[in-house]
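To keep things clear, I will list the structure first and then write my remarks on it.
Below, chains carry the letters A, B, ... as their sequence lines are ordered, and counting in each starts from 1.
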2 protein chains.
Amino acid sequence: MPTSDGGSIPVYRQIADDLRHAIVSDALEDGARLPGENDLMEQYGVARATARQALSQLINEGIATAVRGSGVYVRKFRPLRRHGQHRLSRELWGVGRAIWEADSDDRGYTLDQVSVATEAAPEYVARVLGLAADAPVCVRRRRYLVEDRPVQLATSFLPAELVGDSPITAADTGPGGIYARLAELGSEPAHFTEEIRSRMPAPEEMKALKLGPGTPVVVIVRTALTAAHRPVELNEMVLDSSAYVLQYDFDA
Amino acid sequence: MPTSDGGSIPVYRQIADDLRHAIVSDALEDGARLPGENDLMEQYGVARATARQALSQLINEGIATAVRGSGVYVRKFRPLRRHGQHRLSRELWGVGRAIWEADSDDRGYTLDQVSVATEAAPEYVARVLGLAADAPVCVRRRRYLVEDRPVQLATSFLPAELVGDSPITAADTGPGGIYARLAELGSEPAHFTEEIRSRMPAPEEMKALKLGPGTPVVVIVRTALTAAHRPVELNEMVLDSSAYVLQYDFDA
């Protein structure tokens with residue numbers, strides 16, 4: 001999304017605009033090598049720092065990726081549009097669809113690195129879920145991939161005394177996922193709060209999400225509450241920022 | 001927000017946890033100098049890269065800031081909580097409050113660098129607002145500060161033929177701001193869509209927001225629509241990610 005700044009456009013942005021146009025118009029195909037710093041210096045008569053800035057801009061936007069010692073390549077990964085409300089609507093998971101399936105347009109998610117364990121609740125989880133310090137929680141960790149690209153790490157925490165030995169503690173939670181099972185337990189989620197921050201990734205997040213340099217993560221912490229406002233799940237999601245557009249629709 | 005990873009915690013995170021605890025518990029006060037790389041290497045018996053990573057972690061979280069050639073300092077800026085819906089509720093701007101005032105807890109925003117101009121709509125603005133290519137738009141740019149710290153750049157685009165010579169084209173739009181004026185023009189916003197991405201800042205954004213190294217920006221593009229779903233404003237906001245928590249509440 002360009003930012004109009006009313007003044008003269010810096011040269012590095014003009015170069016980035018040219019390259020972006022070539023990518024979007026398919027003059028440069030997916031996986032194609034972009035002109036290097038030397039090429040851009042010669043073509044535009046600019047300093048190396050300016051050429052580098054132009055390439056960095058495209059990397060930051062997620063439409064190019066740097067391969068160490070090789071160059072910068074076009075990466076035409078269409079970002080996923082994650083709808084806040086629609087995705088969680090009862091309609092969707094009520095008919096046996098996992099919430100994530102509805103989320104990825106026509107591209108399916110796959111999961112790997114799924115683990116389920118009972119652990120003592122971290123301090124912030126206990127606080128948000130209204131549990132005693134160190135109370136046992138069911139912790140579900142998984143990684144989401146789209147087109148073989150890891151896009152999200154997610155960790156759900158649910159009160160152990162609530163989920164008992166229900167399928168929520170199984171690797172495969174069955175049709176409709178966690179929320180359908182919570183409904184069966186009489187703790188149907190009715191309200192959601194999502195808190196969003198962005199930051200640079202920790203080294204282990206960079207590795208798990210295969211993030212290129214200069215790619216922040218978006219952290220979404222979603223709390224699901226029953227109609228009686230009892231918190232029943234905290235889900236901490238760490239997203240590759242270049243892979244996602246978040247969308248929220250609401251009325252005045 | 002910590003990420004539990006189930007395995008052994010990397011040493012840099014343990015160091016970061018110790019330092020964070022000292023900051024949060026007020027053992028280290030606002031503006032205090034954190035131990036340097038050499039101090040941490042000696043105290044924890046770790047390599048320089050590990051010490052640096054621990055400090056970077058705190059900088060990324062926005063609770064410390066690096067001063068070139070001097071060191072890393074505690075920065076106790078409490079992030080702003082930006083509520084999606086509440087902030088925009090009719091109730092608030094209907095009684096003559098600008099949307100931003102309700103947003104900053106008990107801390108007031110100030111504005112600077114306000115400019116208003118009529119310009120040809122950028123392509124993406126024309127598309128979203130349903131205007132002809134290059135149609136004239138009223139462009140309102142401003143910077144928001146809290147406690148003298150710049151936290152957000154915002155650029156609003158409104159169809160010029162809609163706003164005419166109303167106070168929307170003045171630097172001070174009057175009580176209730178743009179939305180109250182749109183209501184007077186018979187184009188009261190009724191629906192909102194917010195799209196959110198995160199990326200590293202462009203150099204001019206780093207400068208305008210006085211961002212430290214390794215601090216991403218969050219970009220929110222909000223479209224305001226009338227009850228008849230006519231888009232009347234596109235507002236592109238660029239936020240210092242370390243200064244904000246975004247919150248959205250919704251029902252299943």
Side-chain angles (χ1 to χ4, degrees), chain A residues 1-6 10 12-13 53 56-57 60-62 79 81 84-85 88-90 115 117 119 122 124-125 139 141 153 155 179 188-200 202-205 214-219 221 236 238 241-242 244-252, chain B residues 1-6 10 12-13 53 56-57 60-62 79 81 84-85 88-90 115 117 119 122 124-125 139 141 153 155 179 188-200 202-205 214-219 221 236 238 241-242 244-252:
Chain A
M1 187 67 61
T3 301
S4 172
D5 66 358
Y12 83 91
R13 291 196 81 159
Q53 228 168 35
S56 294
Q57 177 71 24
N60 289 345
E61 292 173 15
R81 183 167 292 270
Q85 295 91 321
L88 285 164
S89 76
R90 247 183 104 206
S115 74
E119 300 176 12
Y124 68 100
V125 171
V139 184
R141 296 186 175 84
L153 310 173
T155 308
Y179 292 152
E188 193 173 14
H191 307 290
F192 299 93
T193 288
E194 295 197 347
E195 294 178 74
I196 303 168
R197 296 206 75 173
S198 170
R199 57 169 169 76
M200 294 312 286
E204 66 271 22
E205 292 166 338
T215 306
V217 289
V218 172
V219 181
V221 179
E236 189 172 337
V238 178
S241 65
S242 69
Y244 277 96
V245 175
L246 311 185
Q247 181 172 337
Y248 295 89
D249 303 312
F250 45 93
D251 295 330
Chain B
M1 186 69 58
T3 300
S4 173
D5 66 357
Y12 82 92
R13 290 194 83 159
Q53 226 168 37
S56 293
Q57 177 71 24
N60 290 344
E61 292 173 13
R81 184 168 293 270
Q85 294 91 323
L88 284 164
S89 74
R90 245 184 107 207
S115 73
E119 299 176 12
Y124 68 101
V125 172
V139 184
R141 297 186 175 83
L153 310 174
T155 307
Y179 292 152
E188 194 172 13
H191 308 290
F192 299 93
T193 289
E194 295 196 347
E195 294 178 74
I196 302 168
R197 296 207 74 174
S198 170
R199 57 170 170 75
M200 295 311 287
E204 67 271 22
E205 293 166 337
T215 306
V217 289
V218 172
V219 181
V221 180
E236 189 172 337
V238 178
S241 65
S242 69
Y244 277 95
V245 175
L246 311 185
Q247 180 173 339
Y248 295 89
D249 303 313
F250 44 93
D251 296 330

Open item on the list: With a 4.5 angstrom heavy-atom cut-off, is it the side chain or the backbone of V245(B) that approaches chain A, or both, or neither?
Closed with: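 Both backbone and side chain.
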TODO: Below 4.5 Å from any heavy atom of chain A, which atoms of A190(B) appear? Answer side chain, backbone, both or neither.
DONE: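 Just its backbone gets close to chain A.
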Task: Results of side-chain hydrogen bond (donor to acceptor under 3.5 Å, both in side chains) for T215(A) - residues two or more places apart only - done: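 In terms of side-chain hydrogen bond (donor to acceptor under 3.5 Å, both in side chains), with neighbours along the sequence ignored, T215(A) is linked to no residue.
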TODO: Would you please name every residue forming a side-chain hydrogen bond (donor to acceptor under 3.5 Å, both in side chains) with S115(A), sequence neighbours left out?
DONE: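 So S115(A) forms no side-chain hydrogen bond (donor to acceptor under 3.5 Å, both in side chains) with any residue.
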- [ ] State whether the side chain of R81(B) and the backbone N or O of L246(B) hold a donor-acceptor pair below 3.5 Å, judged by distance alone.
- [x]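 No.
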Open item on the list: Taking P216(A)'s backbone N and O only, do any of them form a donor-acceptor pair with R199(A)'s side chain (distance below 3.5 Å, no angle check)?
Closed with: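 Not a single qualifying donor-acceptor pair exists.
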Task: Structural part of A117(A) lying under 4.5 Å from a heavy atom of chain B - done: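 It is neither, since no heavy atom gets under 4.5 Å.
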- [ ] Name the option with the most non-hydrogen atom pairs under 4.5 Å to chain A; the candidates are V218(B), V217(B), I196(B).
- [x]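 Top option by heavy-atom pairs under 4.5 Å: I196(B).
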